[in-house]
Amino acid sequence: MKKTPKGQMRDREYLRLLSQKYPTLQAAATEMINLEAILRLPKGTEHFMSDLHGEYEAFCHIMNNCSGVIREKVERLYGQTMTKRERDELATLIYYPSAIIAEKKARGSAGRDWYLMQLHRLVEVCRTIASKYSRSKVREALPRYFDYIIDELINMDRDDFDKEAYYGEIFASIIELGRSEAFIVAITDLIKRLAADRLHIVGDIYDRGENPDKIMDLLIAHHNADVQWGNHDIQWMGAHMGNEASILGVVELSLKYGNADLLEEGYGISLRKLSTYAEGAVEYDARFLPAGTDPAAAGEEEKRTARMRKAAFLMQRKAEGAIIDRRPEYGMQERNILRRIDFESGTFCGEKLIGADFPGVDPEHPLRFSPEERGVIDALKRSFRASEKLSRHVDFLMRRGSAYKICNGNLIFHGCIPLEPDGAYMEFCGRKGRALLDHCERVVRRAYAAFRRGGEDEEALDFFFYLWCGRCSPLYGREKITTFERLYIADPAFHKEQDNSYYIYCKRRDFCERVLRDFGIAGKYSHIVNGHVPVRTKLGEHPVKADGKLIVIDGGFCKAYHEKTGIAGYTLIYSSHGLRLCAHEPFDSIERAIEERKDIHSEVTVFEARQNRLLVRDTDEGKELEEQLEGLRFLLANYEEKNDG
C-alpha cells in the first residue's frame, strides 16, 4: 500500500530522531543485538497485595522478605551447607541489615571473620537473584558508591582462581576501610529490589491500622510500585482536596480505630477545635467508644474520643446530605439520613431508634451547620489541605495510582464492575463497564487538577463521596453503607450491606472472560485481580475463582480481619514460571522478628505453572521493545540503502 505524503513525512521525522540516538549503522545494529538479548531473558517478578489498612509492620516485613522469595533463595543456596539457625541469621540480615549489625556490635561479635563470611554469602545471594536480568538492568539498580564493586563481584568468573583472590582482596579492603556496614546495607537493598521487580497494591492502604502514612513512605521509596485506588484511599484523597464529607469520614474512622495520633502527629492535622466543641456540646455515648473498648472500663480519654467521634459522625451526615441534595443524579436520597429521621417519634424509616440523641441537629433544618460546627469544619479543612505529608502521599496516589490497571495480561482493580441483578452492567450517568471506570478516574483527576491550581471543582470534588459509598461506585461495590443503622437500629436485618451482583457473577468463567474482552484482554493466561472483599479461608473459601480467571487477594491483612479470614493476607506472585499465591500467617512485630530471627510463615500454592518459562518478549515491556526493534530495523535498512547507493 502506497504511503500518503503525510505518512512519508512521519517516517522521515521518525528516522531523523532515531538517527540522532544511533548515528551509525554499527550503533543501530549493536542496540538491536542488546534488545534481542533482553527479550530472551525471563520476565521480572510481579507482586500483588491488597487491603493493607495501615498494618505497617507486617507490610514492612513482607516487603523485606519479598513475600518469601528471599527465604526461598537462601534455602536453595544453603539448605545443605548451613544450619537452620545460620540460614535464619542470613535471611534476617538481608531483611534488617542495620539492626542485625548493631546487635552484633553490641555483643562484640561483629569481627572481621563475621563480616567476611556475610559478604561472601550476600554476594552469592545477589548473584543468584540478578541472574535473570540483563546486566544493563542490574546496573540501573546498583546503589551509588558501590555500583562498580557490586557489578564486578556478581559477574565474576567462578572458575578463575586469580580473580577469586582479587575479590577476596576487595572484601578485605571493604572491611579495613570501615565500609562493611554500608556495603551490606547497599547489597541487601539491591537483593530486595531485584527479588520483586514490580509491586501492585490493589487498594485500601488507609484506615483501621495505625500507620498507613509509613506504608505510603515505603511505597514512594519503592523502585516500581503502583496503586489501584480503594474506597478508603479515595476518601483520604478527597479529604486532602477539601471534600467536607470525606474530611469528617476520615476523622470519624480514625477516632473509631483509636488513630487520632495518625492525624495529629503523623499528618499534622489538629483536632483541638473538634475536641473543644465536643466537650461542650456532646454527651458521652458508649456506642462511639473506640473499637474494642469495654464500656465498663472506659476512662476519660476514651470518653473524650467518643464525644469527638459522635460530633464528627453527625456533622458527616450533614455534609453527605448536602452533597446528596446537590447531586440528584447520584440517586441517593434514601441515604440522606438526617432528612429521613422523624425527630418527634424518634424513628428512621418507621424503625424505632435507640438513644435518638442528635446534638447540633435542628429538626427544622437538619443539614444546617451551627456556627460552632462550621468553625470546626473550616479548621479541619485548612489542616487537611495544608498537610505537607498528606500532600506528598496524595501526589503519589495520583501519579502512580488509577481506577484500574492492565498489566501483562491481567486486569487489576480494587472493587468490582457494578452489575444489575441480571448480570448486565450497571449504568451511572450514561456510563457502564470500562467506560464507568474511565469516567471515575477522569473526574478524580479533574478535581486534583483544580486543587493543584489552588481552586475547587465542586462537582468533581463531590464525586469523592459517591466513590466512597455510592451504589454504582466500582470502588465500593455494595448497595448502601449502613453505619447509621448499625449504631441506631437494634434489628440486625438493617445492618447488612448487600454486595453488588458482581460478587455472584465473578465466580463464573464466562463472565470473567467477557469482562476481560471488554477491557481488550484475551488469552488463556489472562486474569482479573481484585481486593476489597476478605476471603474467609477458614470457612473453606478460596481466593482463586472462575476456573482460575479471577484471583481475590484480600486475605485479611488487617488484624481486625484475622479472625474472619483465618490468615493474615495474601501475596500473589507472578514470575516467569507462572502464578502462585502466598497465604501469610499473622506477624508479631519487627522487634521480635529481629530478636528471634523469626520470619512470617507463608503457605505457597502454585495454581498456574507455565510449561515454557515466560520471557520479557511475552510482557508489555516486551511489546515496547519489539516496537523499538522495528524502528531500528527501519533505520538499519535506511543506512544500508544509503551505503549501497
Side-chain angles (χ1 to χ4, degrees), residues 47-55 58-59 62 67-68 201-204 207-209 228 230-232 256-257 291-292 412-419 421 423 474-483 485-486 491-512 515 527-573 579-588 600-608:
H47 287 213
F48 302 73
M49 299 176 72
S50 82
D51 297 85
L52 307 177
H53 286 302
E55 295 290 348
F59 177 68
I62 288 173
S67 299
I201 302 297
V202 193
D204 279 359
D207 294 328
R208 293 186 175 87
Q228 292 70 57
N231 59 321
H232 286 270
K256 176 180 178 179
Y257 292 105
I412 318 165
F413 55 85
H414 175 71
C416 70
I417 307 294
L419 300 180
L475 278 61
Y476 178 58
R478 296 186 176 95
E479 285 294 304
K480 61 183 178 182
I481 193 165
T482 60
T483 310
E485 287 89 334
R486 291 196 299 274
D491 187 349
F494 287 85
H495 301 173
K496 184 172 175 58
E497 295 181 352
Q498 181 63 46
D499 288 342
N500 183 267
S501 298
Y502 171 85
Y503 298 104
I504 297 171
Y505 284 91
C506 71
K507 298 171 186 175
R508 291 172 29 180
R509 183 185 182 97
D510 62 335
F511 170 76
C512 290
V515 171
H527 313 84
I528 298 171
V529 182
N530 285 169
H532 192 50
V533 176
V535 178
R536 292 171 293 184
T537 307
K538 72 175 187 179
L539 299 181
E541 289 185 4
H542 199 274
V544 182
K545 306 178 189 297
D547 297 330
K549 300 306 287 184
L550 172 73
I551 307 113
V552 180
I553 60 168
D554 182 359
F557 206 89
C558 178
K559 288 175 185 173
Y561 287 132
H562 291 181
E563 188 176 343
K564 181 188 289 188
T565 63
I567 60 170
Y570 289 115
T571 301
L572 175 67
I573 300 177
L579 284 166
R580 53 188 174 145
L581 203 64
C582 296
H584 306 299
E585 288 188 354
F587 180 67
D588 290 319
I600 289 180
H601 177 72
S602 300
E603 192 71 32
V604 180
T605 304
V606 177
F607 66 91
E608 186 177 279

| query | Do any N or O atoms from the side chain of R509 and from the backbone of D547 form a donor-acceptor pair under 3.5 angstrom? | reply | yes
| Can you find a pair of side-chain heavy atoms, one from V515 and one from Y505, that are under 4.5 Å apart? | no
| Does the side chain of E541 come within less than 4.5 Å of V552's, by heavy atoms? | no
| query | Where do S67 and I573 land on the side-chain contact (heavy atoms from CB on, under 4.5 Å) test, with the steps shown first? | reply | CA-CA 8 Å; S67 299; I573 300 177; 4.0 Å; yes
| So, for I567 and A583, which heavy atoms are closest and what is the spacing to 0.1 Å? | CD1-CB, 4.1 Å
| request: Tell me, with the steps shown, if D204 and N231 meet side-chain contact (heavy atoms from CB on, under 4.5 Å). | output: CA-CA 7 Å; D204 279 359; N231 59 321; 3.5 Å; yes
| Set of residues satisfying side chain to side chain donor-acceptor pair (under 3.5 Å) with respect to E479, sequence neighbours excluded | R471
| said: side-chain contact (heavy atoms from CB on, under 4.5 Å), that's the test. Do F48 and Q228 meet it? Break it down for me. | reply: CA-CA 11 Å; F48 302 73; Q228 292 70 57; over 6 Å; no
| said: Is any side-chain heavy atom of F413 closer than 4.5 Å to one of I528? | reply: yes
| Counting distance only, does the side-chain N/O of E497 pair as donor-acceptor with the main-chain N or O of T482 below 3.5 Å? | yes
| said: Distance check, rounded to the nearest 0.5 Å: L581 atom CG versus E608 atom CD? | reply: 12.0 Å
| field | D499 side chain reached by I504 side chain, heavy atoms, under 4.5 Å | value | no
| Residues, nucleotides or ligands: over 12 heavy atoms within 6.0 Å of K538 NZ | yes
| query | Got a sec, which pairs hit ring pair (Phe, Tyr, Trp, His ring centres under 6.0 Å) with one end in residues 537-573, sequence neighbours left out? | reply | none
| said: Applying side-chain contact (heavy atoms from CB on, under 4.5 Å) to D491 and E485, what does each step give before you reach the verdict? | reply: CA-CA 9 Å; D491 187 349; E485 287 89 334; over 6 Å; no
| query | Where is the tightest heavy-atom contact between H527 and I551, given as atom of each residue plus distance? | reply | CB-CD1, 3.7 Å
| query | Taking side chain as C-beta onward, heavy atoms only, is L550 less than 4.5 Å from F511? | reply | no
| message | Going by the rule side chain to side chain donor-acceptor pair (under 3.5 Å), which residues pair with D207 if we only count those two or more places apart in sequence or in a different chain? | response | H232, W236
| Do you know the tightest heavy-atom contact between C558 and R208? | SG-CB, 3.6 Å
| task | Locate the shortest heavy-atom distance separating I600 from A58; write the atom from each residue and the value. | result | CD1-O, 4.3 Å
| Within-4.5 Å side-chain heavy-atom neighbours: F607 and L579 | yes
| Are any non-hydrogen side-chain atoms of I201 and F59 less than 4.5 angstrom apart? | yes
| said: Any non-hydrogen side-chain atom of V529 less than 4.5 Å from a side-chain atom of I412? | reply: yes
| Ignoring hydrogens and geometry, is there a side-chain-to-backbone donor-acceptor pair from S501 to G423 under 3.5 Å? | no
| request: Please work out which of the three classes, parallel, tilted or perpendicular, describes the rings of H532 and Y503, given edges at 30° and 60°. | output: tilted
